[in-house]
Amino acid sequence: MMSLRVMRSSLLSRVKLLGIAGVRAAHGHEGHVSHHPDGSEPLYYDHRAFPLPDIPFRKELSSHQTALKEKERGAWKQLSQEDKIALYRIKFDQSYAEMNKPSNEWKTVFGGIFILFGITGFVVWWQSVYVYPAKPHTLDDEWKAMQMQRMLDMHIGPIQGFSSKWDYEKNEWKK
């Protein structure tokens with residue numbers, strides 16, 4: 001007698017709702033995931049370090065481009081400059097000059113940095129106003145003056161310290 005669990009899993013796998021076959025079917029991969037057994041496909045990309053891409057830029061050619069490719073097999077002296085450029089554009093998307101052309105990406109980067117600095121400044125200001133407590137009274141100038149007078153009265157550091165720079169007879173700092 002088959003258990004309910006075994007019957008359910010066999011039914012669901014037949015309907016392709018369970019298992020690897022079901023996952024592939026749900027994502028549109030009925031037969032295979034890739035044309036290549038290792039999953040790699042040749043890709044096109046323009047990069048200065050890799051001057052020859054794996055595949056040409058244009059895979060599907062128009063009738064004009066197909067005629068141009070047939071003309072390419074003949075003598076190159078018969079090709080005009082425009083034909084040579086069109087053939088180049090079939091194989092490559094960008095020239096070296098276009099790849100080396102400076103971009104304005106630095107403006108975006110600096111803009112993002114300045115926006116983050118602004119947000120950070122706003123957060124710091126907000127915390128100083130609403131989060132941090134008020135300054136303690138020990139940082140007031142009046143308190144500091146009283147503390148300094150007390151240290152002088154107690155003769156703290158009479159040899160090389162604080163009191164050594166105070167003239168007790170004239171009640172002023174030594175020059």
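Values below: every heavy atom of this structure, side chains too, minus hydrogens, waters and symmetry copies. Note that the structure is predicted; figures quoted are calculated from it, not measured.
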Exercise. Are side-chain heavy atoms of Thr108 and Phe110 found at a separation under 4.5 Å?
Worked result: no
Exercise. Does the ring center of Phe92 lie less than 6.0 Å from the ring center of Phe57?
Worked result: no
Problem set entry | Shared hydrophobic cluster, Ile159 / Phe162 (ILVMFWY, side-chain heavy atoms < 4.5 Å) | no
For this session: Write down the atom of Pro53, the atom of Pro51, and the distance for their closest heavy-atom approach.
Result: CD-O, 3.4 Å
For this session: Indicate, with yes or no, if Trp126 and Val129 share a hydrophobic cluster defined by side-chain heavy-atom contacts under 4.5 Å among Ile, Leu, Val, Met, Phe, Trp and Tyr.
Result: yes
For this session: Establish whether Ile85 and Leu87 are linked, either directly or via other cluster members, by ILVMFWY side-chain heavy-atom contacts under 4.5 Å.
Result: no
Seminar exercise, completed: Across all chains, not counting sequence neighbours, the side-chain hydrogen bond (donor to acceptor under 3.5 Å, both in side chains) partners of Glu72 are Lys69
Problem set entry | Heavy-atom closest pair, residues Asp54 and Pro42 | CB-CB, 3.7 Å
Exercise. Are the side chain of Lys71 and the backbone N or O of Leu79 linked by a donor-acceptor pair below 3.5 Å?
Worked result: no
For this session: Please check if atom NZ in Lys101 has more than 12 non-hydrogen atoms from other residues, nucleotides or ligands closer than 6.0 Å.
Result: no
Exercise. How long is the gap from CD1 on Ile90 to CG on Leu61, to the nearest 0.5 Å?
Worked result: 5.5 Å
Problem set entry | NZ-OG1 distance between Lys144 and Thr138, expressed to the nearest 0.5 angstrom | 8.5 Å
For this session: Would you mind listing every side chain to side chain donor-acceptor pair (under 3.5 Å) that reaches into residues 87-97, with sequence neighbours excluded?
Result: Arg89-Glu98
For this session: With sequence neighbours left out, write down each residue that passes side-chain contact (heavy atoms from CB on, under 4.5 Å) with Ser103, or none if nothing qualifies.
Result: Glu105
Exercise. Does the ring centre of Trp173 sit less than 6.0 Å away from the ring centre of Tyr168?
Worked result: no
Problem set entry | Interatomic distance, Trp106 atom CH2 to Ile113 atom CD1 [nearest 0.5 angstrom] | 11.5 Å
Problem set entry | Gln160, CD: over 12 other non-hydrogen atoms inside 6.0 angstrom | no
Exercise. Do you reckon Met151 sits in the same ILVMFWY cluster as Met146, going by side-chain contacts under 4.5 Å, direct or chained?
Worked result: no
For this session: Rounded to the nearest 0.5 Å, what's the gap from CD1 on Ile156 to CE on Met148? Could you check?
Result: 12.5 Å
Exercise. Are any of the side-chain heavy atoms of Asp83 and Leu68 separated by less than 4.5 Å?
Worked result: yes
Exercise. How would you list, by chain and number, every residue that makes a side-chain hydrogen bond (donor to acceptor under 3.5 Å, both in side chains) with Gln127, sequence neighbours excluded?
Worked result: Tyr132
Return a table of donor-acceptor pairs under 3.5 angstrom between the side chains of residues 116-123 and protein atoms on other chains or two or more places apart.
unit_1, atom_1, unit_2, atom_2, d
Thr120, OG1, Leu116, O, 2.7

Problem set entry | Cluster check Met99, Phe50: I/L/V/M/F/W/Y, side chain < 4.5 angstrom | no
Problem set entry | Minimum heavy-atom distance Ser164-Pro158, with the two atoms named | CB-O, 3.3 Å
For this session: Using modelled atom types only, decide if a donor and an acceptor are shared between the side chain of Ser163 and the backbone of Gly157 within a distance under 3.5 Å.
Result: no
Problem set entry | Pair listing, salt bridge (Lys or Arg N to Asp or Glu O under 4.0 Å) test, anchored in residues 150-170, at least two apart | none
